[in-house]
Number of protein chains: 2
Amino acid sequence: MSARPDPRVRIGIADVAREAGVSITTVSHAFSGRGHVSERTRAHVHDVAARLGYSPNRIASALRSRRSNIVGFVSDDIATTPYAGRVVLGAQDAAAAHDQLLVLVNSNNDVTVESKQIAALVAQQVDAVVYARMFHRETTVPPALDGVPTVLVDTVDPTGMHASVVPDEQQIARLATEVLYEAGHRSIVHVTVDAQGPAVNGRIEGYRSAMAKYGLQPVVVEGGDPGIAATGRTAFQRLCSVSAELPTAIFCFNDQMAMGVYQAAQAVGLRIPADISVVGVDDFEPVSAELLPGLTTVGLPHYEMGRWAVEATLANLSEDSAAHVSGITRMPGVLVTRESVAPPRR
Amino acid sequence: MSARPDPRVRIGIADVAREAGVSITTVSHAFSGRGHVSERTRAHVHDVAARLGYSPNRIASALRSRRSNIVGFVSDDIATTPYAGRVVLGAQDAAAAHDQLLVLVNSNNDVTVESKQIAALVAQQVDAVVYARMFHRETTVPPALDGVPTVLVDTVDPTGMHASVVPDEQQIARLATEVLYEAGHRSIVHVTVDAQGPAVNGRIEGYRSAMAKYGLQPVVVEGGDPGIAATGRTAFQRLCSVSAELPTAIFCFNDQMAMGVYQAAQAVGLRIPADISVVGVDDFEPVSAELLPGLTTVGLPHYEMGRWAVEATLANLSEDSAAHVSGITRMPGVLVTRESVAPPRR
DNA sequence: TTGAAAGCGCTAACAT
DNA sequence: ATGTTAGCGCTTTCAA
């Protein structure tokens, strides 16, 4: 039974200094790595500190050094979107790697709430902020963030003042189309949603450019129903009614729409991938991995974007201006191969 | 164009005091509500502060008052589980309501990482901690948390030292069984997973007690395959092979297993709910709302648990010991009715 | 009701 | 390589 240090009496730098027989400056240096401390002294100080159960008070340190070592993470919606967790995890991992803490704040898409939350972040003296949207779109960064180094995730800043990271929508669409083409398909339809924005438009463009490259005729179909899988179903039914000749392959805007296509295909007795091949986007595993057959899909770089954003906003804090980052970074999607693609039979 | 305050020069309590012609003590009181300040003075100080763009530095305040107004959120897995977001959102909302900031920390189930992260939280002087697991199970709280008021989410503390909140697994199972019984079903099977733990065991017990109440014979089937929907599929197939007589209704451990049951039922030409009724647990919307037909399911109180935990851990901080909370709080699930339940035809 | 003064625990100049 | 000293921006006695 080791005697655990009594948590009621807060032990501070002065206690360690006294016990170690050095000045508090030396203790500070021994912990921060700044200044010059002999290896002998450093080790001794750390020993004593460990014995006393001391660790530096980050609040006091922050007050004096004007560095809180806290990164703010502002999100519009951490709850209902399935990807948020991966972005947050990436950010959290990067923060931990740099001995920073991540403060999470959520606005639920309410501008008033958002500016209040950001004010709280500023009052807390956060060193930097990651401003994340859960769907790729344009946003203007709230003025409350003016003084704070900020990096954007899944959104771009029209003013170009802030660095940002987004998925490379075109590459993602080209990759999805390519998989189908390589499997032998020549009749490939893109099922998308009735909405505007960089994700929808970028994927349509990427699809068109790939089809053009292959000398194929692009066909874009959109569903209009509420509900995501329902959109996929509607689009597929529309496809059936429009032409007698169904495509041999479908590239869906995302995995959940692919789920809808599965449902509609099944309803008319078509088997995947024997009768029709399907590719999605997201690699949202509760869907992509659980569908029968497993869905071949292009995974979005959510974790990587979260991680990159914290690294970038921290880099922008450094003196070394060569390390600073700006502009738009586009991250590629990665193909995840499952069983929903086969050569066409027709 | 209003001149925005120059963010480079940090304006502090002394600036406000000088400009307002009062002492810094009065400014402090005017903002904190402590002490006695005339309404006139209070309003004047706030006016001046607003004009100057002042807001109290929470770091300095924390150092002096020994209250950081930060709550730590320790999670084992914020990324891959679909529910995490809702717990975090509940916690974040409660924190914001109490003018607290939420610091998120994630261990990925690595004990070493976890204790490091907790040490960082302690060094940051967090006032309280929420320790959350993403699947209901037993855990021992790491000793690093010893000095800090801690409340548990989705897990219970065998020592009983910490208050905790978990889903009421038995009520959830009883509710699911009841829906089926009320629809007229008398042959109800529970499909579960090959695992131990409060969630699995609690739901089995709840199901058994409901069946006993109705005077019906409980039948519990488990799937063993890897993959969650696959487990549902296997269980259903096992069901088909064991008895010629299929049940008229299935209560699934969760929505993803229900998805597997849908797949297996479809494969043998059975329609839901005409031939067989299905109920899930979770209300994991990307599955429950998107399945065809929509899945009737018992929603788990994730948001509520997150919210409750922050409220509770904050309450335990207060002087008023009557407000303190302890013991295990069980939160009920809520029925979400969709289209997967119909009266039996047999 | 208001103000003066003494720190909270640390870091950063500036000695030595 | 180590130590002395003066704050960081607030809150909190305590006094007026």
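Atoms considered below: every heavy atom in the structure, side chains included; atoms not considered: hydrogens, waters and symmetry mates. Quick note on labels: first sequence line is chain A, next is B, and so on, each numbered from 1.
Atom CD in A:Gln125 sits roughly 9 Å away from atom C1' in D:dG9 (whole-Å rounding). B:Arg42 places its CZ atom 16 Å from the C1' atom of C:dT2, with the value rounded to the nearest Å. Note: CZ (B:Arg18) to P (D:dG9) measures 12 Å, nearest angstrom. Rounded to an integer number of Å, the gap from B:Leu63 CG to C:dG9 P is 7 Å. Taking atom CD on B:Glu39 and atom P on C:dT1, their separation rounds to 11 Å, with Å as the unit. In this structure, the CG atom of A:Asn57 is 13 Å from the C1' atom of D:dC8, given to the nearest Å. Spacing between atom CZ of B:Arg34 and atom C1' of D:dT13 amounts to 13 Å, rounded to whole angstrom units. Across the protein-nucleic acid pair, A:Ile13 atom CD1 and C:dC8 atom P stand 14 Å apart, rounded to whole Å.
For the pair B:Arg42 and B:Glu39, the salt-bridge criterion is met [side-chain N within less than 4.0 Å of a carboxylate O].
Listed pair A:Ser23 / D:dT2 fails the phosphate criterion, with no side-chain N or O lying under 4.0 Å from OP1 or OP2. Proximity of A:Thr26 to the phosphate of D:dG3: a side-chain N or O atom is located under 4.0 Å from OP1 or OP2. For the pair B:Ser38 and C:dT1, the criterion of a side-chain N or O lying under 4.0 Å from OP1 or OP2 is not met.
Put simply, the side chain of A:His98 never gets that close to the backbone of A:Glu311: no donor and acceptor are under 3.5 Å apart. When atom types are taken as modelled, the side chain of A:Thr155 and the backbone of A:Val153 share no donor-acceptor pair closer than 3.5 angstrom. A donor-acceptor pair is defined here as one N or O able to donate and one able to accept, closer than 3.5 Å; no such pair exists between the side chain of B:Asp93 and the backbone of B:Gly90.
Each of B:Arg66 and B:Val22 was matched to the nucleotide of DNA chain C holding its nearest heavy atom; the match closer to the 5' end belongs to B:Val22. Place B:Ile24 and B:Ala60 on DNA chain C by their nearest nucleotides, and B:Ile24 ends up nearer the 5' end. Place B:Ser61 and A:Gly21 on DNA chain D by their nearest nucleotides, and A:Gly21 ends up nearer the 5' end.
The nucleotide whose nearest atom lies closest to any side-chain atom of A:Arg64 is, among C:dG7, C:dT1, D:dG7, D:dG7.
Note on B:Thr25: a base of the nucleic acid sits closer than 4.0 angstrom, heavy atoms only. Using a 4.0 Å heavy-atom distance criterion, B:Phe31 is classed as making no nucleic acid contact. Backbone-only contact: B:Thr41 has heavy atoms under 4.0 Å from sugar-phosphate atoms and none from a base. Using a 4.0 Å heavy-atom distance criterion, B:Arg58 is classed as making no nucleic acid contact.
For the residue pair A:Thr26/A:Ser23, the side-chain donor-acceptor check at 3.5 Å is satisfied. Using a 3.5 Å distance cut-off with no hydrogens or angles, the side chains of B:Asn106 and A:Gln92 do not pair a donor with an acceptor.
Inter-axis angle, ends of the helix from C:dT1-D:dA16 to C:dT16-D:dA1, five pairs per end, rounded to 10 degrees: 30°.
Each of B:Asp76, B:Asp157, B:Asp154 was evaluated against B:Arg133; a single residue qualifies, B:Asp76, per the salt bridge (charged side-chain N to carboxylate O under 4.0 Å, His left out) test.
Side-chain contact between B:Tyr54 and B:Ile13 is present, with heavy atoms from C-beta onward closer than 4.5 Å.
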